Structures are given as C-alpha cells and as structure tokens.
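The block underneath contains the structure these notes are about, expressed in structure tokens.
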Amino acid sequence: MYFDSHAHYDDESFDEDREALLTSMPLKEVEFIINAAAHMTSSYEGIALADKYPFIYCSVGVHPHEVKDLEEHNIEELRRLSMRDKVVAIGEIGLDYYYDLSPRGAQKKWFIKQLELAVEVALPVIIHSRDASQETFDIIRQSGIKEGVIHCFSGSVELAKEYVKRGFYIGIGGAATFKNARKIVEVVKEVPIEHILVETDAPYLTPTPFRGKRNDSSYLKYVVEKIAEIKELDNLAVSDITCQNARRLFKI
Ligand code: NI
C-alpha cells in the first residue's frame, strides 16, 4: 500500500476526471494521500476533498510563489482552518529563489509567520525550497519547529543529514527516477529509510517511464521501485516503511 505524502488534486488539470481518478485510488493500492495546499483557495479545496474521500488528508498554507498577496488576516484564517479534523500539516511553505514569483523579503516574512503558526497549533510543516537551501534551513532552525518534511528534496547529502538530525523527513518523488539524477540518488542512499517519505507532487514531476505526462498517485510505485533499487530493499518494505513514516509524521 502506498502513501502519497504530497499531491495537488485541487489543480485544474484534474477538473475533467477528478472524481473518477480519486475513486480508483484504493483499487490501485494507494491507501493515503495528503493534498498539499498552494494558496488560500486551495487550502479550502483540500479540505473539501478530505471531507469527501476518507483516504485524503490535507495541509493548509501558502506557497512562496503566492505569498505576495497575503495579508495578516489570512494567518488568522489559516489558524481557524488548521483546527479542522483532517488538516494534518501547515504547507506547502518555504522559499523559492529560482522563480522569484514573490519578492524575497515577502517570502521570508510569510514563511516565518507560517512556521510560527505551525509551532503554535502543533502541526508539522511541508516545506518547499528551491535555490534557497541554506536560508530555508536557517529559518527552520530559528523557528524551533521540530516536525516536518522537506518536499521534493534537492539539497546536498550533508543538508539532508542535518534535517534528519532535527527529526525531519526527506520527501522523495519522481525526480529520483530521472536519467540524469545523481545528487538525489546519493541522498536516498545516505538517508535512513525511516526518514524518507514518498510523494508524487501530482500533477507535476511524473516519474520515468511516464515523464512528461500528467502525474497521479498511482505512479508512486515507480518512485518506490527506484528507492528499493538504490537501497537494495524490496518494494514492499519500502512502501510499508514509508507509509508508516508518513502516518507517524502526520499522526494518521
Ligand atoms: Ni507541491
């Protein structure tokens, strides 16, 4: 059974077949899905999906791309939403200095505020970090947050080990299956399996051999197979252990 720790089923690319696709997930051995929020609207949409499907849980939060439009009252709104039953994390939050779609000052400000919220409401965080590895780590360390996952990890082995030392999990997705993957393969090799979560980031980052197509949670098996190959474990052990890891982190 698979636990997809990060997917975006509120995304418009699922508008045409969302219901049929999600209904089929238990038949494809997908046992749990976390719908990761990208902005305020998707925080509400994730809650609606979690209300509808027993195997979907969700996070609430605002992605660094979208924080430029945030206002103080939105944090109050997130606090209120975080009290809902199936809201299991604050995210995805962080820094993205690759696209820089929000000014860096705003990214830092709202990242810190959402981390403070997570500490206050005692929920783990789902972190997005691109081209900002060290700064993301420093802000997390200063915040005092102790539980979370670095989604689609793209940093060094050393940094991954620092996160593990703090009790964090490393999110591994389709990128690990790509032909040119090197750094992430090293990370998978070095990080204990007890600290790895598997994810699709659907509809994005579709694993080989379906790279380029729309991603969904049923393709998680290719990520699991790749991790099993790298760590010389069997597929079932990887899917079971990563499922237990995610249940421990998100308290499901
Ligand atoms: Ni994502």
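Numbering of ligands and ligand atoms starts at 1, following listing order. All figures in this text were calculated on a predicted structure; none of them were measured in a lab.
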Distance, nearest 0.5 Å, that separates OG of Ser217 from CE of Met25: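 These two atoms lie 4.5 Å from each other.
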Would you mind naming the N, O or S atom of Asp201 nearest to the Ni ion (ligand 1)?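 This turns out to be OD1.
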Scan for salt bridge (Lys or Arg N to Asp or Glu O under 4.0 Å) pairs involving residues 194-215, sequence neighbours excluded, and state none if there are none.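 The answer is Asp17-Arg214.
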Hey, can you pull the donor-acceptor pairs under 3.5 Å for the side chains in residues 31-40, sequence neighbours left out?
residue, atom, partner, partner atom, Å
Asn35, OD1, Tyr9, N, 2.6
Asn35, ND2, Asp10, OD1, 3.0
His39, ND1, Thr41, N, 3.4
His39, ND1, Ser42, N, 3.1

About how large, to 10 degrees, is the angle NE2 of His8, then the Ni ion (ligand 1), then OE2 of Glu92?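 The angle at the Ni ion (ligand 1) comes to 90°, rounded to the nearest 10°.
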N/O/S from His6 sitting under 2.8 Å away from the Ni ion (ligand 1):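 An N, O or S atom of His6 is closer than 2.8 Å to the Ni ion (ligand 1), so yes.
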Would you call the rings of His6 and His8 parallel, tilted or perpendicular, taking 30° and 60° as the class edges?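 Taking His8 first and then His6, their aromatic rings stand perpendicular (interplane angle over 60°).
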